[in-house]
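Step one of this worksheet: look at the structure below.
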Amino acid sequence: MARHPSPASSRSPVYQKASLRVPLGGQARLGVKVQVTSGGLLAIGGLVSSILLSTAVLVGVATRHLPKRDR
């Protein structure tokens, strides 16, 4: 029995593309090109959100006021 690939698995990935060019003065330029799949965007979003959440926790712990101990 021949197996036919499902439509979802036979498609090639769809890439999101972005490029940025920034002049840095007289002769210098900075250019960046990025190509990411939808799964990559989801992974990047997860990483950024976990970094922001952990930073918020660290700031909260570092700035809390502890009760003064009597000796």
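None of the values given here were measured: they were computed from a predicted structure. The first residue of the sequence shown is numbered 1, and numbering continues consecutively from there.
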Please list, one pair per line, the donor and acceptor atoms closer than 3.5 Å that link side chains of residues 30-38 to other protein atoms, with sequence neighbours excluded.
residue: T37; atom: OG1; partner: G40; partner atom: N; Å: 3.2

Quiz prompt | side-chain contact (heavy atoms from CB on, under 4.5 Å) partners of V48, counting only residues at least two apart | solution = I44, L52
Self-check item: Atom pair CG/OG1 of L58 and T63 - distance to nearest 0.5 Å
Solution: 10.5 Å
Quiz prompt | Nearest atoms (heavy-atom pairs only) where V22 meets L20 | solution = CG2-CG, 3.9 Å
